[in-house]
Number of protein chains: 2
Amino acid sequence: MPRHLISKLEQFTRLSVSDKQALETAAGEKRRRIGPREDIIREGDDPAFVNLILDGWACRYKQLEDGRRQIISFFLPGDLCDTHIYVLREMDHSIGALTPVTYAEISRETLARVTAEHPRITQALWWDTLVAAAIQREWTVNLGQRTAAERLGHLLCEIFIRLRGVGLTEGHSCVLPVTQADLGDAMGLSNVHINRTLQELRGSGLIVLKGRQLTIPSLAALQAASLFNPNYLHLDRVGRHLDANDQAGDGTD
Amino acid sequence: MPRHLISKLEQFTRLSVSDKQALETAAGEKRRRIGPREDIIREGDDPAFVNLILDGWACRYKQLEDGRRQIISFFLPGDLCDTHIYVLREMDHSIGALTPVTYAEISRETLARVTAEHPRITQALWWDTLVAAAIQREWTVNLGQRTAAERLGHLLCEIFIRLRGVGLTEGHSCVLPVTQADLGDAMGLSNVHINRTLQELRGSGLIVLKGRQLTIPSLAALQAASLFNPNYLHLDRVGRHLDANDQAGDGTD
DNA sequence: CGACGTTTTGAAGCTGATCAATCTTTGTGG
DNA sequence: CCACAAAGATTGATCAGCTTCAAAACGTCG
């Protein structure tokens, strides 16, 4: 069932049948389901598990004393929250659902066992962690330098490509199941301005957005308009040399 | 000589004499010195080493096609660039010096050896990595939600506390060796507005800034004004239980 | 149908950007 | 030790992008 995670990791390296089974087992241990606006974990809590999003969208966020909320990152299906979080004593931010979410709680011990026995998974999780850090850096650039239209366009490019990596796009389309207010909290813009900026992107034909269905007629055009350079997602199959080949037939499915 | 790194890590766990010697040796292998505005590594380069800043200030940054520059994070003495960066094939950002900088290049092999032989160092580096990620997240909040004055005040709190952790403060003062334009590139503000915001902070008595000498008369007051919550720096000695105690006298110096 | 959440629109106001000039500091060479 | 150059800090004036507030339209679901 953690097929999205597997798809994602296979962008980096090919996994053997046994690798996939190990992930399967780990993700099956403890499964939970929550509704939108519910929290998976809160600032101040002791992080006991690594959470794996199986379905739905969640986010990291932080709320200032006066109510301002910043969404720090989006969690899409297949995303894993910090694999070493248990080194720290308490959460410095919260993780909450934006849509109905199904996720797996993976214990520290399980994760340790899986990585000890499956070096390719270890490598792939490293890659995933580094890409997550790169995305966070890119958001810094996004918030610091880009205009509203560039910023939003950039986000949509990123989301589309990430969803494609986990098999959740269809042609030029994908879902965008969050409210405009959520997008605003993520981009540091008011919901009103998000609305106007979306209209601007629609007006210039860069996106088609009907309800929760997003279509990007030309990803290249949206990328160009948003100064989007996909290099930070590191989709260049760096880990080719780690492709599983220890058993005939492995990794071909 | 990597005394700043050692100071920093000892905020998390106590290190034995042998731990410190290992860091000493690793940091001594290859030392380099560069001037301000020179790069340590550039976007597109193949990351061969982990860089340890021994002296001076550097930064991660990214430059957009049209020249806009965002400083993504500051590297202070004792800071280590991503310890697992070699998993990726090429840098998605650059690292450059803001002042004259001395740094050590640590090879992948050396780092692997040190961590294999020194579990406390491994743990401490994990803590360091997670704190670095938390800082990046906090910058996202900073850029997305805080006003110019809050943003700048927040940054100054963070820098002061980080410098204090590596023994580079004196009483309520520390150096601030970067230009206002650099601060602007880091905070997503124009240099003009940085200037005016600094004057505002000076005017309200929250900071004293003469040349490159920064004094924060009341850190608590600046924190309050900037909505600064230090929890994300995880300075609560989480790793107490890992304190080195395998040899009498260890860790007490 | 009615209610609630979400999107859309309009108008007014503020924060911070831009541009351009001046002042100050630092560093360098004579 | 002074003169000069270059970098950085400061100031003023104008402008643009985005926020805020408020209301209306739209959708969706019990």
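All figures in this text were calculated on a predicted structure; none of them were measured in a lab. Chain naming here is simple, since letters A, B, ... match the order of the sequence lines and numbering starts at 1 in each.
Between R37(A) and the phosphate of dG5(C), there is no side-chain N or O to OP1/OP2 separation shorter than 4.0 Å.
Taking five base pairs at each end of the helix from dC1(C)-dG30(D) to dG30(C)-dC1(D) and finding the rotation axis that steps the C1' atoms of four pairs onto the next four gives two axes whose angle is 40°, to the nearest 10°.
The nearest pair of heavy atoms linking M91(B) to P47(B) is SD-CB, 3.8 Å. Across all non-hydrogen atoms, the minimal contact from S173(B) to T215(B) is OG-OG1, 2.8 Å. The two residues G56(B) and V101(B) come nearest to each other via the heavy atoms C-CG2, 4.0 Å.
Evaluation of the ring-ring contact (aromatic ring centres under 6.0 Å, His included) rule for F49(B) yields no partner, not counting sequence neighbours. For the ring-ring contact (aromatic ring centres under 6.0 Å, His included) test, no residue two or more places apart in sequence or in another chain qualifies with H93(A).
Across the protein-nucleic acid pair, Q199(B) atom CD and dT10(D) atom C1' stand 7 Å apart, rounded to whole Å. Rounding to whole angstrom units, CG of residue N191(B) and P of dC19(C) are separated by 12 Å. Straight-line distance from the CD atom of Q213(A) to the P atom of dT7(C): 15 Å, rounded to whole Å. Separating the NE2 atom of H193(B) from the C1' atom of dG17(D) is a distance of 13 Å, rounded to the nearest angstrom. Nucleotide dT7(C) holds its C1' atom 16 Å from the CG atom of L201(A), rounded to whole Å. Summarising the geometry, the separation between CD1 on I194(A) and P on dT6(C) is reported as 15 Å, rounded to the nearest angstrom. Spacing between atom CZ of R196(A) and atom P of dC18(D) amounts to 12 Å, rounded to whole angstrom units. If you measure from atom CG of L198(A) to atom P of dT7(C), you get 9 Å, rounded to the nearest angstrom.
At a non-hydrogen distance threshold of 4.0 Å, nothing from residues 60-72 of chain B comes into contact with DNA chain C. Residues from residues 178-190 of chain A placing a heavy atom under 4.0 Å of any atom in DNA chain C, listed by number, are T179(A), Q180(A). Near DNA chain C, meaning a heavy atom under 4.0 Å from it, residues 139-159 of chain B has T147(B), A148(B) in order of number.
For N195(B), whose side chain is taken as the heavy atoms from C-beta onward, the closest listed nucleotide among dT20(D), dA9(D), dG16(C) is dA9(D).
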